[in-house]
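Along the sequence shown, residues are numbered consecutively beginning with 1.
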Amino acid sequence: MDNEHTSHASSCDPKAPLLPISTSRPPLSESCRFSLKPQLIANVLFIILGPLACTSICLLVDLDGRSSSKDMLAVLTWVFIWWVTEAVPMPITSLSPLFLFPLFGIASSDVVTRSYMNDVISLMLGSFMLALAVEHYNIHRRLALNVTLLFCGDPLNPPLLLLGICATTAFVSMWMQNTAAAVMMMPVATGVLQWLPEGDAAAGVHPAVNRFRKAVILGVIYAAAIGGISTLTGTGVNLILVGMWASSFPEETPISFSTWSMFALPLAVVIFFALWGLLCLLYLSKGSGNILSAYLDKNSLKREKEQLGMCIFSSVIYNHQLFNQKYNVYFVTGPMDFAEKTILIVFSLLVVLWMTRRITDNIPGWGTLFNGRVGDGTVSVMMATFLFIIPSRKREGEKLMDWNKCKKIPWGVILLLGAGFAIADGVQSSGLADVLSACLSFLKSVPPLVITPLVCLVSGTVTEFTSNNATATLVIPILIQLAKTMAIHPLILMVPGAVGAQFAYLLPTGTPSNTVGFTTGHIEIKDMVKVGLPLKVAGVGALSVLMPTFGKKKFDFSVWMHSSCLV
């Protein structure tokens with residue numbers, strides 16, 4: 001008991017070391033050293049490959065005498081190699097423009113630094129703080145179980161239950177990053193599945209049980225990705241798109257939270273029901289309800305809900321299977337208390353402010369009261385600040401949030417966003433954008449209706465091998481120039497490129513959300529391919545139909561055609 005209390009106290013002490021300090025280290029065995037040696041050699045080679053490729057481009061490549069464009073291409077190659085190989089941690093690679101751009105004369109340090117803190121990144125920071133508050137007070141788990149109970153059916157209806165779990169995951173993912181939503185919802189999903197027996201047909205377990213288990217795990221990881229499409233805060237890719245649009249075309253109307261949601265939410269709903277239909281078709285047989293009813297019913301879920309908060313503020317230390325780290329988990333007892341209700345109120349008010357800051361051209365929204373000086377990031381940080389002011393009413397002097405809880409903010413994602421904005425500005429200012437535009441001039445004759453799904457497919461293929469954010473960071477600046485070359489509205493290509501970067505459905509390594517589901521051991525790669533491939537096709541098809549129709553109305557492409565930006 002004393003040891004547990006000491007562990008808990010040290011984790012809350014701001015002066016305590018973040019990692020345990022060990023004075024003795026056991027020697028590595030010969031086999032371990034042998035297995036690590038090739039990996040270390042490959043890592044060193046990849047580290048050297050970045051600056052080596054950069055130097056080669058500077059010495060050997062000639063872009064019609066444009067030295068700044070050549071330098072930008074060299075730096076972009078260096079950063080791309082380190083991103084893809086992860087020879088250097090991605091957050092550190094994301095910081096490299098801060099020293100590479102000034103050294104190569106692409107931009108001054110002050111200019112590059114501004115890319116790492118703007119309204120889009122402040123929007124992300126505030127959203128992360130609110131998401132951490134929701135996680136800390138276990139609100140997401142309470143919400144998930146309530147919704148699952150609602151969809152369970154009596155008697156058990158497996159398609160309806162699967163719909164409830166997937167819909168809850170998608171809703172949670174709308175307001176926080178996909179990986180965080182998957183990590184939060186996976187214990188809820190496995191908690192529902194724990195009532196099912198494990199084994200194969202030889203062990204007496206009906207195949208319908210294992211098929212339902214696969215459907216639930218696949219539903220969680222894909223619903224997390226789909227839900228992230230529908231809002232700006234759902235994924236970093238959407239924020240990269242909005243930030244690059246604002247920096248590349250500052251005279252154009254920015255993409256607000258409401259504008260994006262009005263377009264992306266219907267798209268996400270179409271893809272979501274395509275996912276649900278695929279899972280029901282591939283994994284749920286006609287008589288699965290009778291088979292699963294023997295193990296899973298409303299009473300089981302009610303017992304799971306009652307277990308929420310069996311002890312007040314008790315610390316449970318566990319090793320996360322994926323990240324191999326220790327976390328302190330606090331459970332909330334009984335009905336919702338003041339802290340939970342307050343966080344939900346703050347969160348709901350934030351969503352309302354996001355959606356009403358700018359509604360339509362005829363209904364400008366409350367943002368006009370401040371002459372357009374207020375952005376979505378302004379509101380996000382302001383509402384997050386309230387969490388550090390409002391008392392939690394649990395302990396004397398304790399607030400809803402404190403800075404120690406914010407240590408879990410994924411700073412790597414924020415740095416990657418900043419690097420994306422810096423690269424987009426560098427491509428423009430260095431003249432590399434003009435070079436790319438000239439190289440792509442032959443695409444002027446390609447119909448936009450054909451190139452839109454093509455862009456989505458290319459982006460969706462690249463993202464299987466690199467992170468979603470890195471794919472968007474590298475692809476969107478090229479698409480901006482391609483759109484100028486074709487004399488069409490840039491969003492016709494930028495949006496498919498950004499959305500396609502989120503279609504990482506085929507491989508466990510495509511996105512951390514996929515890895516979270518794969519490490520449960522309930523699904524295999526063939527399961528992901530069987531569902532992910534038709535889901536990717538459905539997503540490309542839905543976007544190809546909605547973009548030139550519904551998207552044309554929401555983004556008002558006709559205004560651009562008379563703009564001077566194409567001159």
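- Among residues at least two apart or in separate chains, salt bridge (charged side-chain N to carboxylate O under 4.0 Å, His left out) pairs with a member in residues 525-542 are Lys214-Asp527, Glu464-Lys536, Glu524-Lys526.
- Proximity of the aromatic rings of Phe46 and Trp82 is defined here by a centroid distance below 6.0 angstrom, and this criterion is not met.
- For Gly412 against Pro91, the heavy-atom pair with the smallest separation is CA-CG, 3.7 Å.
- By the 30° and 60° cut-offs, the orientation of the rings of Trp245 relative to His489 is parallel.
- Using cut-offs of 30° and 60° on the angle between ring planes, the pair Phe503 and Tyr505 is tilted.
- Considering only residues two or more places apart in sequence or on other chains, Trp276 meets the ring pair (Phe, Tyr, Trp, His ring centres under 6.0 Å) condition with none of them.
- Contact detail for Val270 and Ala542: the closest heavy-atom pair is CG1-CB, 3.8 Å.
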Derivation of the side-chain contact (heavy atoms from CB on, under 4.5 Å) call for Leu125 and Trp411: CA-CA 9 Å; Leu125 271 174; Trp411 296 105; 3.5 Å; yes
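- Closest heavy-atom contact between Asn469 and Val237: OD1-N, 3.2 Å.
- Relative ring orientation between Phe550 and Phe263 is described as parallel, the plane-to-plane angle staying below 30° on a 0-90° scale split at 30° and 60°.
- Between the side chain of Tyr222 and the backbone N or O of Met528, at least one donor-acceptor pair lies under 3.5 Å.
- Smallest separation of non-hydrogen atoms from Ala501 and Thr471: CB-CG2, 4.0 Å.
- Every residue two or more places apart in sequence or in another chain was checked for a ring pair (Phe, Tyr, Trp, His ring centres under 6.0 Å) with Phe272, and none qualifies.
- Note on ring orientation: taking the six-membered ring where Trp is involved, the planes of Phe99 and Trp78 are perpendicular (angle over 60°, cut-offs 30° and 60°).
- Under a cut-off of 6.0 angstrom, the local environment of OH in Tyr116 is crowded, with over 12 non-hydrogen atoms contributed by other residues, nucleotides or ligands.
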Derivation and outcome, side-chain hydrogen bond (donor to acceptor under 3.5 Å, both in side chains), residues Gln502 and Asn178: CA-CA 10 Å; Gln502 302 175 57; Asn178 299 348; 5.0 Å; no
Full working for side-chain hydrogen bond (donor to acceptor under 3.5 Å, both in side chains) between Thr93 and Trp83: CA-CA 7 Å; Thr93 303; Trp83 263 342; 5.0 Å; no
